[in-house]
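Take a look at the structure below.
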Amino acid sequence: ACGDGTQDNDAGGADDKIVLGFAQVGAESGWRTANTKSIQDSARAAGIELQFSDAQQKQENQIKAIRGYIQQKVDVIAFSPVVNTGWDPVLKEAKAAGIPVILTDRAVDSTDTSLYVTFIGSDFIVEGQRAADWLIKEYEGKTEPVNIVELQGSPGAAPAIDRKKGFGDAIAANPNFKIIASQTGEFTRAKGKEVMTAFLQSNPDIDVLYAHNDDMALGAIQAIEEAGKKPGTDIKIISIDGVKDAFQAMVDGKINVVVECNPLLGPQLMELVQKVVKGETVEKRILTEEGVFTQDQAAAALPSRQY
Amino acid sequence: MPDPQPILQMKGITKEFPGVTALAGVDFRLFPGEVHALMGENGAGKSTLIKVLTGVYQAEAGVAVLAGERVHFSSPLKAQQAGVSTVYQEVNLCPNLSVAENIFIGREPRFLGLINNYPEMRRRSRELLARVDLDIDVTAPLASYSLAIQQLVAIVRAVDIAAKVVILDEPTSSLDAGEVQQLFRVMRRLKEDGVALLFVSHFLEQIYEISDRMTILRNGRLVGEWRTDELSRIELVSKMIGTELSVLEQLEEAPRRQLASLARQEPFLQATQLGKTGLVQPFDLSIHRGEVVGLAGLLGSGRTEVARLIFGADRAETGTIVIDGTPQTVKTPRTAIGRNIAFLPENRTTEGLVGDLSVRENIILAMQAARGWMRPVPPRRRDELVAKYIEALSIRPADPDALVRNLSGGNQQKVLLARWLITQPKLLILDEPTRGIDVGAKAEIQRLVVSLAEDGMSVLFISAELEEVLRLSHKVGVLRDRRLVAELANDESLTADRIMQTIASGEGS
Amino acid sequence: MTRHRLFWPVLVLVVLLLGNLIEKPDFFAIRIQDGHLYGSVIDILRFGAPLMLVALGMTLVIATGGIDLSVGSVVSIAGAVACLHISRQADQNAVSGVLLAVAMALGVTLLFGAFNGVMVSWIGIQPIIATLILMVAGRGIAQLIMDGQIITINSAPYKWIGAGWLLTLPAAVLIALTMIGITALIMRRSALGLLLESVGGNAEASRLVGIRARSLVLLVYAVSGLCAGLAGLMISSNVSSADGNNAGLLIELDAILAVVIGGTALTGGRFSIGGTVIGALVIQTLSTTVYTLGVPPETTLIFKAVVVTIVCLLQSPAFRSKVFGRWGPRRTPPPSSGSPSEPTSEKVPA
Amino acid sequence: MSTLTTPTGTRLARVFTGRQRYVPILATAGVLLLMWIGGSLTYDNFADLQVLLNVFKDNAFLLVLAVGMTFVILSGGIDLSVGSMLALSTMLCAWLITEEGWSPGAVIPLVLVVGAVSGSAMGAIIHFFEVPPFIATLAGMFLARGLCYVISTDSIRISHPFFTDTANTMVPLGDYRIDPSVVTSLIVVALAFVVLHYTRFGRNVYAIGGNEQSALLMGLPVALTKVGVYAVSGLCATGAGVLYTFYTGAGYSNTGIGMELDAIAAVVIGGTLLTGGSGFVLGTVLGVLVFGVIQTIIQFEGLLSWWTRIAVGALLLLFIVLQRVIGARKT
Ligand SMILES: Nc1ncnc2c1ncn2[C@@H]1O[C@H](COP(=O)(O)OP(=O)(O)OP(=O)(O)O)[C@@H](O)[C@H]1O
Ligand SMILES: Nc1ncnc2c1ncn2[C@@H]1O[C@H](COP(=O)(O)OP(=O)(O)OP(=O)(O)O)[C@@H](O)[C@H]1O
Ligand SMILES: [Mg+2]
Ligand SMILES: [Mg+2]
């Protein structure tokens, strides 16, 4: 979404190029890959030297990587925490070494907020709420009960917990909304399809599907079609993330709404890195620009989706 | 002479396995200071009785009284703690541990709960082994030694565990005459100390030499208990077998043959300077069609190695083999089998049997391997063959579906023999084929060897029993210290003594 | 009847299926929809088909005393190769292109399987480590092939493999059953089964009877790779996309579990293909049961643990004799392999 | 006449046979050294002692886990539950301390007992009911992970001063600093070494691994030893969990997914045979180091996402094949 790296390059002289150490969670999804690509591309564009490491979804690997960056004395450390706790010891080391830390994608749970300079990313609870908001509006004024099934993310994953919570809390006020089944689809298409197939067998009248990510929604759509129903019409589908395939499905009328969760943090991150290195103060919490897309907006947005 | 009071008494022991009654109401008594032989054919239930007594199996019925007290052992550990120490039939030691550790495991000297004196354990082990005239590196893993040595180690361990009762289940099956004498010396010493010894063996001479009394089992039933000196061999055998068939006489009759004409023919197999460092020094050996070549030598003299090199079980480093007139490189057993050579290995559990497969499958295995997996032996033919050899070798139980693991030791050996016989090899290498086989079956196997040779099969025959080697072979290769030192033609002049002399002097005459 | 080696797994399967009936009375109902059969039981078969295939290959590997941890990665590679190839075609619906993609994917997975086989049989590396290498690297390779993205394709012929129907039945089930049938037939009609069991039961003895153990082991790992590849095609075809990271994740554990539930000992030797199929169905039914009963995701694993424990305890003769005391206070010698010593009539073509 | 003469040539050969069991471990050490040298030549700073110390620090919990696994594998079994047990341990610590307000002094021993007891339970099922270890511990793995989720799917932070302070303590060692967890893990290794080689329990573990049936017939306490082995593994797993809790100061239910495989791999790479009965706990230390060094190399290389996996696999392959080639030549 942001500019293609026409950042001022004066900080990036040959010798004192900013070095950014980035500890990525892994490459567990297309979303994550887009996130990684965005960071790599914008670092190159901004003339920042990027040290990258992939933790393969393991916290200990991420800690090792951060510790490695401390030892290599990078200028800034950024990372997307695998989980929101357990960072105090290593962040204290970074602080002691005088290296500023930027969190991306999700926050950490620490009483000592001086351990990081800022957090840039989405708020998963808000995403859940937005999904609920659309639903509430869609059924405004209707009194018949609405049967909802939910495809959760992997147990223990922060997005899964928060998106469930945000959504659940928001619809709790209206007794018409009933979550009749909720299972984990482990964020994948295959599981999404399998679980949805089972849901369809045991629940004859499902009105709404709420999926914690697009992949599960895309899998579920196939299950719905195989059951002889029309996704998007017979069963309304709400999904989160906003990958290209999901936009295509919206254009085809199979998904009703997608709450965006933007992985393209790169440009914003690089901007922040430069500010931090220059010693400028930055906000503690920076939200990424994210929208809620409905079917009528999808066609227009589809060509510009990058991932 | 035994005390009036038995140290061990068992009454009405019954043990059933699915489909087999291994023991049916067997009574048994053992007195202190006696060597008691437990006799019976293969599968009679000897080992089962021992295992029931020592807590490996739990009997369905029956009681055991040890030193005046009712006992019921739930595990061999309990039996051992109560003073019953046992060498089971197949060597049951840990191949990965060193010899010294095998002797001392479970009773290592400790200080404050920590094993503190490994050097002492090694020293003691060497000392104990010296009693059976064994001088080996006690820190080497047990697996690096031959079966015979493993057997001796097991004996040494059992004997050293201070015990009231020492049970030896076929300890001599892989020992040579000299080793047996060493063992007997040890046994006599224990006997003098008032220990009660239970001894199982299929060698009648040994029984008559060492035992005071004997209990005979047949088909899991008690036949009776006798003083050894009151029962003649013929009587003993007929009581074991259950008919008046005088196997012994037939045994004596077993032909001792010499076919001078053999030597003039082309040999079936000719090995020249075959050898491998560390195993055997290069040797020459030729085997003619229809010839039985015996190998004699002491423990570890390299007989097994000679056989393994010829078969390709170990790869020779030097030398050539000519089979049927064509030079061959025998790199693997498969090539040897392709040239119609068969090999019955010494250690049946580790090298021979596939315990989880049935008798039928074990018998068919070699033939099937030779045909390749694409051409299975037709079921009809297979069943015929299997039935034929179960019958011919009187394998018990005569059930082709029985798991080989559950067969008695002697019957397992017969299964292996059957496996190779059905492939109709031109050269059959037999490494201790009569190990653990009862008198009847042994005679059977010896007769078989003779008749096979008459039909033109060549046989390489290895046995710890010189008599047997002498009786069957046309010529005897003598090994000493991993070297083939002599090749003696088996004419009238060849005697066991002469072979022993050759072994001792280390040169042919 | 209880003596049959498949009695207990089948019993558990039946109990699980009946358990579903309580929550959902029409669980066994099957209706015709769009010309094909539709119902929970069909779904179990359909979603269980890839697992059956993977477990089939795993059975053979385990029979030789090995184990194949790499199947999950191979699953993902197969999907990646096929979907990449199809996505590059002008006409994704061209049957020839799909066939080529399938052939390529299976070829690649066969090679990967053979690689495992070479590591185990020729270089002599312990199977768990040998296959761990591909388990770790394989997903990386899959992601590399697809540049870390999920490739979505739109190819009707390809979709048929995993989500299509033939004669009212799911194609995936038919494919899996065909493979299983062919394998079982080969194992029983030829001597391959016997030789594999021999190698797994006693490798040294097998060598000494002249069995080409190395080639057999190589073959078995290659077949396992192939089965996993086919399963990978089904999984990716079922959702018309390839997911390098998640396809077949942890399927190796399910497959091993299926094999063991089916009565094949992990120590090698005796194996039962029929048992493995039952085992795979038990596992798939377990998942379905979780969905049907609405077991919350947090407790799913506990549910699974309990069921697995019960199945395995029931399978264990030692447990049955100790707890139910059916054969009296008997203690068979602990067979070092730990395999049940029941009559195995089904093994041998009578 | 039947005295066995021992030819000198074979005696020499036999002295060598006795040492043969050290060959795998020596090969491992050699290849590890090669790798280390390679890394030092390729990357700056790699040779820094602190890098090595960090390898120890970042793998202290894995080391403890692998020590427990060594016992199990030596006995001829396998324990798949350790990764989940580690997670359960972190969750129990965090939950009891933070949410229930218990004192760490009570929680840590409790957690260790939980580990030992659940290990024993699995061991008992394995031994008495003859359930294959793979399956029994797989069920244990599911169960422990499931219990984590039941406690909380969310991660729980520990703010108890005992944890935060200890986590920041360093033992100075000249210019370098070592973590208490490193010291702990090395003590565990030393203890394991003593137990394996200088107690009857340890020797029995080897014996059972060599041949369980024989061990039974030799009158060794097989049941006790087998159950004990899994108890040790459970204890080590929860112990490793406690170390991990110090490492992160938090509990999280998805911790240690797949860590059992790392532990098994470390043990096997360290020269221990999966069939049991042969191997050394010091080899396990080497195995863990191999893992650490591979991770370090990858980190120094700064590889992008999937290349990381491929590189881990490739380095593992390289290592194992080299180890095998070197080890095989000697035997
Ligand atoms: N674990 C078992 N399961 C089933 N049957 C068994 C088992 N062990 C032994 N048997 C059977 O019990 C019978 C007695 O076997 P046992 O081993 O006691 O014979 P044995 O007298 O020692 O013979 P051998 O002289 O050959 O050693 C045999 O028929 C054998 O097949
Ligand atoms: N007296 C001994 N001293 C040391 N090691 C021995 C001795 N005898 C045998 N070994 C070891 O045991 C292994 C096997 O010995 P080998 O098979 O040659 O015996 P053999 O001649 O076949 O006699 P038998 O079969 O009667 O035991 C050899 O590799 C050797 O290392
Ligand atoms: Mg016997
Ligand atoms: Mg020999």
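The model shown is predicted, which means the values in this text are computed figures rather than measured ones. Within every chain, numbering begins at 1; the chains are lettered A, B, ... in the order of the sequence lines, protein sequences first and strands thereafter.
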*Would you check if C:Leu208 and B:Phe311 make a side-chain contact, meaning some heavy-atom pair closer than 4.5 Å?*
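The answer is yes; the side chains approach within 4.5 Å.
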*Not counting sequence neighbours, list each pair that qualifies as a salt bridge (charged side-chain N to carboxylate O under 4.0 Å, His left out) and has a residue in residues 253-265 of chain C.*
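Every pair satisfying salt bridge (charged side-chain N to carboxylate O under 4.0 Å, His left out) with a residue in residues 253-265 of chain C: C:Asp254-C:Lys304.
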Measure the spacing between [atom1] of [X] and [atom2] of [Y] and express it to the nearest 0.5 Å.
X	Y	atom1	atom2	answer
C:Glu197	B:Asp356	CD	CG	9.0 Å
B:Arg334	C:Arg214	CZ	CZ	13.5 Å
C:Met187	B:Trp373	CE	CH2	7.5 Å

Side chain / backbone / both / neither for [X] at chain C, heavy atoms under 4.5 Å:
X	result
B:Thr350	backbone
B:Leu357	both
B:Arg371	neither
B:Ile364	side chain
B:Thr349	backbone
B:Ala313	both

*Heavy atoms of other groups near C:Arg207 CZ, more than 12 under 6.0 Å*: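 Counting neighbours around CZ of C:Arg207, more than 12 heavy atoms of other residues, nucleotides or ligands fall under 6.0 Å, so yes.
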*Select all residues of residues 407-421 of chain B having any heavy atom within less than 4.5 Å of some heavy atom of chain C, and report them by number, or 'none'.*
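B:Arg419, B:Trp420 fall under the 4.5 Å cut-off.
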*Taking C:Leu196, C:Leu216, C:Leu195, C:Leu192 one by one, which has the highest count of heavy-atom pairs under 4.5 Å against chain B?*
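Of the options given, most contacts go to C:Leu192.
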Which heavy atom of [X] sits nearest to which heavy atom of [Y], and what is that distance?
X	Y	answer
C:Ala205	B:Leu353	CB-O, 4.0 Å
B:Val354	C:Ser198	CG2-OG, 3.8 Å
C:Ser190	B:Pro376	CA-CG, 3.8 Å

*Using non-hydrogen atoms only, which part of C:Ile186 is less than 4.5 Å away from chain B: side chain, backbone, both, or neither?*
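Side chain only.
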